[in-house]
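The chains referred to below are lettered A, B, ... by the order of the sequence lines, with proteins before strands, and numbering in each begins at 1.
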2 protein chains.
Amino acid sequence: MRQTKQRRIILEVLRGTVHHPSADEVYHQVRQCIPNISLGTVYRNLERLVQDKVIRKIVNTQGQGRFDANIIPHGHFRCVKCHLVEDLPFEVTFTAIPENSSWYRAREICEVHYEVTGICPVCKSKSQLAPP
Amino acid sequence: MRQTKQRRIILEVLRGTVHHPSADEVYHQVRQCIPNISLGTVYRNLERLVQDKVIRKIVNTQGQGRFDANIIPHGHFRCVKCHLVEDLPFEVTFTAIPENSSWYRAREICEVHYEVTGICPVCKSKSQLAPP
DNA sequence: TCAGTAATAGTAATTATTACTGATAATATG
DNA sequence: CATATTATCAGTAATAATTACTATTACTGA
């Protein structure tokens, strides 16, 4: 993989945030360093970095893809109101997938994604204070 | 929620498959009963049924949304090659989220989504037999 | 039965992402 | 260091997925 300024800054931006930004949000951040960078370049590099397992793409049920520079396995909390995404602050352990099962042996397992959805503190207090 | 023929058939179709279809796939199935149903109607109803927790939307990192009539909590396996999605054939149990923690009490928790990605048996054997 | 209104079909618009193309610049090799 | 090779880029067009709009239809409760 060639080293380019674009790719380096994209990765720096992603590593410099905990907000799990979308491609578009990364694009706007990177534009502060490289004003004429192309949105396609951002998409291409993010996808490439995911392929090479330098970053991860976060699972979701709606909206755009979001990216995470932290590749250590961990889960996320997603607010269904404001679409905030944050890391889960505690370990979640699963019953291990039985590696000696025929199910497991018939497949190549890559990654585990898990996400908890709900209403974040800000939106929760909002809805309690001012019901429509 | 009003009972309409469209909504009933959409739900019947989803309940009649284990393939976790996309909105477009549901649309084509439903067209066999209601040939002039609108794709927008399918999207609207699926989203409405998700809201009312009659069905679930499955998390994903790419491609279209997929739906599942089975609302009992369970995880999914997704093939990164052919995009097949299937239920995990074993229970997924979590260490419970600590309900007495300040983190938990500050939020309203709705759902947990769990997905394992990898290569399915068909694609695995394909790649072993005929490498490019 | 019928008024009120949620839901619909058909279509247009929006959003997110990918593909294309000629130009640019990162690397490997002499 | 010079330069050939080619991955990558910017800019733009195209595609895919989903949502919004509007006039019409058909549930449902009274």
Side-chain angles (χ1 to χ4, degrees), chain A residues 1-14 19-52 54-68 78 80-83 85 132, chain B residues 1-14 19-52 54-68 78 80-85:
Chain A
M1 179 152 61
R2 270 189 194 173
Q3 184 71 319
T4 68
K5 188 182 168 188
Q6 289 83 351
R7 186 167 291 157
R8 200 187 71 243
I9 304 291
I10 287 166
L11 189 53
E12 273 174 22
V13 163
L14 196 60
H19 289 105
H20 311 92
S22 64
D24 197 63
E25 285 162 349
V26 171
Y27 169 67
H28 282 97
Q29 280 284 118
V30 174
R31 291 238 297 182
Q32 296 181 7
C33 292
I34 312 171
N36 69 328
I37 194 171
S38 174
L39 181 57
T41 299
V42 175
Y43 271 102
R44 190 164 9 82
N45 278 289
L46 287 171
E47 220 50 68
R48 180 69 195 278
L49 290 165
V50 169
Q51 262 177 36
D52 292 15
V54 178
I55 64 173
R56 285 190 108 190
K57 196 168 183 181
I58 299 177
V59 290
N60 69 131
T61 56
Q62 84 227 40
Q64 323 107 292
R66 281 163 169 268
F67 299 87
D68 191 343
R78 178 186 303 267
V80 296
K81 299 265 188 199
C82 70
H83 304 116
V85 176
Chain B
M1 181 153 60
R2 271 191 192 172
Q3 183 71 322
T4 68
K5 188 180 169 189
Q6 289 82 349
R7 185 166 292 159
R8 199 185 72 243
I9 304 290
I10 287 167
L11 189 53
E12 273 174 20
V13 162
L14 196 61
H19 289 105
H20 312 93
S22 63
D24 196 64
E25 286 163 348
V26 171
Y27 170 65
H28 282 98
Q29 280 284 118
V30 173
R31 292 237 298 182
Q32 296 180 8
C33 292
I34 313 172
N36 70 327
I37 194 171
S38 174
L39 180 57
T41 298
V42 174
Y43 271 101
R44 192 166 8 82
N45 277 289
L46 286 171
E47 220 51 67
R48 180 68 195 276
L49 290 165
V50 169
Q51 263 178 37
D52 292 14
V54 179
I55 64 174
R56 283 191 109 191
K57 195 168 183 180
I58 299 177
V59 290
N60 68 132
T61 57
Q62 82 226 40
Q64 324 105 293
R66 280 164 168 270
F67 299 87
D68 191 343
R78 180 185 303 267
V80 295
K81 300 265 187 200
C82 70
H83 303 116
L84 163 113
V85 176

**Message:** Go nucleotide by nucleotide along DNA chain D from the 5' end; which of A/K5 and B/Q3 gets its closest nucleotide reached first?
**Reply:** A/K5

**Fill in**
Comparing nearest nucleotides in DNA chain D, the 5'-proximal residue of the pair A/Q6, B/Q6 is A/Q6

[atom1]-[atom2] distance between [X] and [Y], expressed to the nearest 0.5 angstrom:
| X | Y | atom1 | atom2 | answer |
| --- | --- | --- | --- | --- |
| A/H83 | A/Q64 | NE2 | CD | 9.0 Å |
| A/L49 | A/L14 | CG | CG | 8.5 Å |
| A/I55 | A/F67 | CD1 | CZ | 6.0 Å |
| A/I37 | A/Q32 | CD1 | CD | 12.5 Å |
| B/R56 | B/D68 | CZ | CG | 8.0 Å |
| A/Y43 | A/I10 | OH | CD1 | 12.0 Å |

**Request:** Report the distance from atom CG of A/L46 to atom P of D/dC9, rounded to the nearest whole Å.
**Result:** 11 Å

**Asked** Nearest-Å distance, CD1 (A/I37) to P (D/dT8)?
**Response** 14 Å

**Message:** Strictly distance-based, threshold 3.5 Å: is any side-chain N or O of A/N60 a donor or acceptor partner for the main-chain N or O of B/N60?
**Reply:** yes

**Message:** The criterion is side chain to side chain donor-acceptor pair (under 3.5 Å); which residues satisfy it with B/Y27, sequence neighbours excluded?
**Reply:** B/R31

**Fill in**
Readout for nucleotides 2-7 of chain D: B = base within 4.0 Å of protein heavy atom, S = sugar-phosphate only, - = neither; 5' to 3' it is ----BB

**Request:** Taking salt bridge (charged side-chain N to carboxylate O under 4.0 Å, His left out) as the test, write out the residues that go with B/R66, two or more places apart.
**Result:** none

**Message:** Suppose we screen for salt bridge (charged side-chain N to carboxylate O under 4.0 Å, His left out). Which residues come up paired with A/E25, at least two apart in sequence or across chains?
**Reply:** none

**Message:** Output the pairing pattern of DNA chain D as a dot-bracket string, 5' first, Watson-Crick or G-U wobble with both distances under 3.5 Å, | for cross-strand pairs, [ ] for crossing pairs.
**Reply:** ||||||||||||||||||||||||||||||

**Which residues share a side chain to side chain contact (heavy atoms under 4.5 Å, CB included) with A/C33, sequence neighbours left out** = A/I9

**Residue pairs, two or more places apart or on separate chains, that pass salt bridge (Lys or Arg N to Asp or Glu O under 4.0 Å) and touch residues 3-13 of chain B** = B/R8-B/E12

**Message:** What is the first contacted nucleotide of DNA chain C and what is the last, in 5' to 3' order, if contact means an atom lying under 4.0 angstrom from a heavy atom of chain B?
**Reply:** C/dG4 to C/dG10

Tabulate atom names and distances for all N/O pairs under 3.5 angstrom spanning the protein and nucleotides 16-20 of chain D.
residue	atom	partner	partner atom	Å
D/dT18	OP1	B/G65	N	2.8
D/dT18	OP2	B/Y43	OH	2.6

**Prompt:** Does any pair with a residue in residues 33-42 of chain A pass side-chain hydrogen bond (donor to acceptor under 3.5 Å, both in side chains), and if so which ones, sequence neighbours excluded?
**Reply:** A/T41-A/R44

